[in-house]
Trainee: 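Have a look at the structure that comes next, please.
Computed from a predicted model, the values in this text were never measured in an experiment. By convention in this document, chain letters (A, B, ...) are assigned in the order of the sequence lines, proteins followed by strands, and residues within each chain are numbered from 1.
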There are 2 protein chains.
Amino acid sequence: MGRWEPDSRRRLQEAALALYAERGYDQATAAEIAARAGVTERTFFRHFADKREVLFGGSAVLKEHIVSAVAAAPRGATPLEAVSLGLAAAAALLGEQSRELSAQRQAVIVATPELRERELAKLADYAAAVAAALHGRGVTEPQASLAAEAGMTVLRVALERWASGADRRDLGKVVEGSMADLRGVTSTG
Amino acid sequence: MGRWEPDSRRRLQEAALALYAERGYDQATAAEIAARAGVTERTFFRHFADKREVLFGGSAVLKEHIVSAVAAAPRGATPLEAVSLGLAAAAALLGEQSRELSAQRQAVIVATPELRERELAKLADYAAAVAAALHGRGVTEPQASLAAEAGMTVLRVALERWASGADRRDLGKVVEGSMADLRGVTSTG
DNA sequence: ACGGTAATGACAGTTACTGACATCACCGTA
DNA sequence: TACGGTGATGTCAGTAACTGTCATTACCGT
């Protein structure tokens with residue numbers, strides 16, 4: 001550890017979310033965020049590749065949880081059932097944080113095109129990893145990619161409904177409901 | 001029209017694709033693209049919001065085609081059937097261009113994270129418009145969003161398979177096949 | 001001939017991001 | 001206890017994406 005205040009990474013994340021929420025993403029400079037966190041701008045970019053990434057600091061952990069759950073699904077599970085288990089794991093992890101904080105983060109993302117782009121890219125990254133996990137379960141292309149992509153779509157739709165308050169249930173329940181809706185759409189349509 | 005060489009927009013698009021393909025996206029500066037097109041850097045940014053957008057110049061037209069086809073689907077069509085008609089329209093439009101040019105463009109996009117992000121954002125934008133068109137057909141949420149998102153996923157997966165040469169059939173056929181795969185995955189899984 | 005207009009050029013300025021080097025506390029070890 | 005290695009940070013210069021503003025110029029209708 002360094003000799004300065006510890007947790008600079010966490011402080012940067014909190015400062016960024018606060019500033020983005022206060023005055024908007026593009027009105028907040030990296031230098032300002034760093035100053036609020038008590039470090040220099042250079043340190044900001046040592047911890048995060050760019051201004052967007054600071055809001056997605058936990059994505060690697062989330063990805064690992066999802067992939068592990070998919071890989072650990074019972075042998076008999078169908079591809080989409082395995083994906084559903086991954087989504088449940090994601091919901092459990094995301095549900096740990098306060099709904100209020102998640103809602104603030106999601107509000108900033110929804111309000112900022114650049115951040116929405118990044119969120120989509122993260123989900124696409126998860127989808128690729130899930131597809132690889134499905135390959136490991138013997139699922140072939142393009143079924144693996146389609147199941148993974150469909151699952152991430154379900155997660156995103158559910159997350160939006162949950163964070164916006166449109167659905168008051170627990171995130172896990174919202175995810176389950178959205179997955180059921182997807183099945184309904186694709187089986188009858 | 002202006003008094004200089006016309007078609008500056010098209011020239012910029014061609015110059016950008018060529019330079020991105022030659023030396024990579026981040027090794028090509030906006031100034032270089034503009035110079036090759038015979039204009040100044042400022043003109044580049046008058047035609048395109050940023051360095052990425054120059055590869056997505058036809059997206060508004062494509063979006064219109066998709067939405068129109070969805071809206072014009074027969075009354076009895078299910079949501080996913082309507083979306084399928086939109087995908088067919090997209091495939092028809094994209095199939096007009098030479099497969100070689102499309103493949104070059106797709107190769108650049110696949111090789112560049114920033115461009116992949118933008119492509120995902122474009123597809124998400126199409127999905128939102130398609131969902132709105134489905135609303136106009138009486139489809140409610142979340143079925144409309146899920147059908148639209150699933151459709152755009154199918155389009156993306158099919159486009160990758162087609163442009164990469166993994167599937168030698170016409171784009172329309174590849175799209176149909178991917179849609180059938182999605183139905184298979186979600187009905188049995 | 002003339003005034004309006006749309007596209008472009010010219011140019012200064014901000015800011016995201018990078019590379020290179022210096023600095024400083026901590027830690028193991030002699 | 002002194003000492004060298006290490007990791008995180010500071011400092012500073014530099015590139016390039018993008019923006020605002022104003023001047024310029026051909027075309028077009030009257």
Trainee: Nearest-Å distance, OH (B/Tyr25) to P (D/dA16)?
Mentor: 14 Å

Trainee: Look at the side chain of A/Arg42 and decide which nucleotide, out of D/dC18, C/dA20, C/dG9, has an atom nearest to it.
Mentor: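 For A/Arg42, the side-chain atoms sit closest to C/dA20.
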
Trainee: For B/Asp50 and C/dC17, give me the distance from atom CG to atom P, rounded to whole Å.
Mentor: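 That distance rounds to 13 Å.
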
Trainee: Select from B/Gly38 and A/Phe48 the residue whose nearest nucleotide in DNA chain C is closer to the 5' end of that strand.
Mentor: B/Gly38

Trainee: Can A/Arg105 be said to sit on top of A/Phe56's aromatic six-ring, NZ or CZ under 6.0 Å from centre and within 45° of the ring axis?
Mentor: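 Yes, A/Arg105 lies over the aromatic ring of A/Phe56.
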
Trainee: Between B/Ser8 and C/dT8, is there a side-chain N or O to OP1/OP2 distance below 4.0 Å?
Mentor: yes

Trainee: Is the number of heavy atoms from other residues, nucleotides or ligands within 6.0 Å of CZ (A/Arg10) greater than 12?
Mentor: no

Trainee: Applying side-chain hydrogen bond (donor to acceptor under 3.5 Å, both in side chains) as the test, list every pair that has at least one member in residues 92-101 of chain A; sequence neighbours left out.
Mentor: none

Trainee: Expressed in angstrom and rounded to an integer, what is the separation of A/Asp7 atom CG from D/dA8 atom P?
Mentor: 13 Å

Trainee: C/dA16 P sits how many Å from A/Gln27 CD, rounded?
Mentor: 10 Å

Trainee: Taking CD from B/Glu41 and C1' from C/dA7, how many angstroms apart are they, rounded to a whole number?
Mentor: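 That distance rounds to 17 Å.
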
Trainee: Using a distance-only criterion (donor-acceptor N/O pair, under 3.5 Å, no hydrogens), is the base of D/dG7 paired with the side chain of A/Arg46?
Mentor: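 Per atom types, no contact qualifies.
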
Trainee: Is B/Arg52 positioned over the aromatic face of B/Tyr25, cation under 6.0 angstrom from the ring centre and no more than 45 degrees off axis?
Mentor: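 Ring-cation test returns no.
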
Trainee: Could you state the CG-P distance from A/Leu12 to C/dC17, rounded to the nearest angstrom?
Mentor: 14 Å

Trainee: How would you list, by chain and number, every residue that makes a side-chain contact (heavy atoms from CB on, under 4.5 Å) with A/Ala129, sequence neighbours excluded?
Mentor: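 Residues passing side-chain contact (heavy atoms from CB on, under 4.5 Å) with A/Ala129: A/Lys63, A/Val67.
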
Trainee: Checking B/Glu81 side chain against B/Thr78 main chain: does a donor-acceptor pair fall under 3.5 Å?
Mentor: yes

Trainee: Measuring to OP1 and OP2 of C/dA10, would you say a side-chain N or O of B/Thr40 lies under 4.0 angstrom away?
Mentor: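 No.
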
Trainee: What's the NZ-P distance between A/Lys51 and C/dC17, to the nearest Å?
Mentor: 8 Å

Trainee: Count the heavy atoms belonging to other residues, nucleotides or ligands that lie under 6.0 Å from CZ of B/Arg116, then report whether that count exceeds 12.
Mentor: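 At most 12 heavy atoms, drawn from other residues, nucleotides or ligands, come within 6.0 Å of this atom.
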
Trainee: Send over the distance from A/Glu114 CD to C/dT15 C1', rounded to a whole Å.
Mentor: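 Result: 13 Å.
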
Trainee: Heavy atom of residues 28-37 of chain B under 4.0 Å from DNA chain D: which residues?
Mentor: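 When residues 28-37 of chain B is checked for heavy atoms under 4.0 Å from DNA chain D, the hits, listed by number, are B/Ala28, B/Thr29, B/Ala30.
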
Trainee: Which of the following nucleotides, C/dC17, C/dT8, D/dG10, is nearest to the side chain of A/Phe45?
Mentor: C/dC17

Trainee: Counting only side-chain nitrogens and oxygens, does B/His47 get under 4.0 Å of the OP1 or OP2 atom of C/dT8?
Mentor: yes

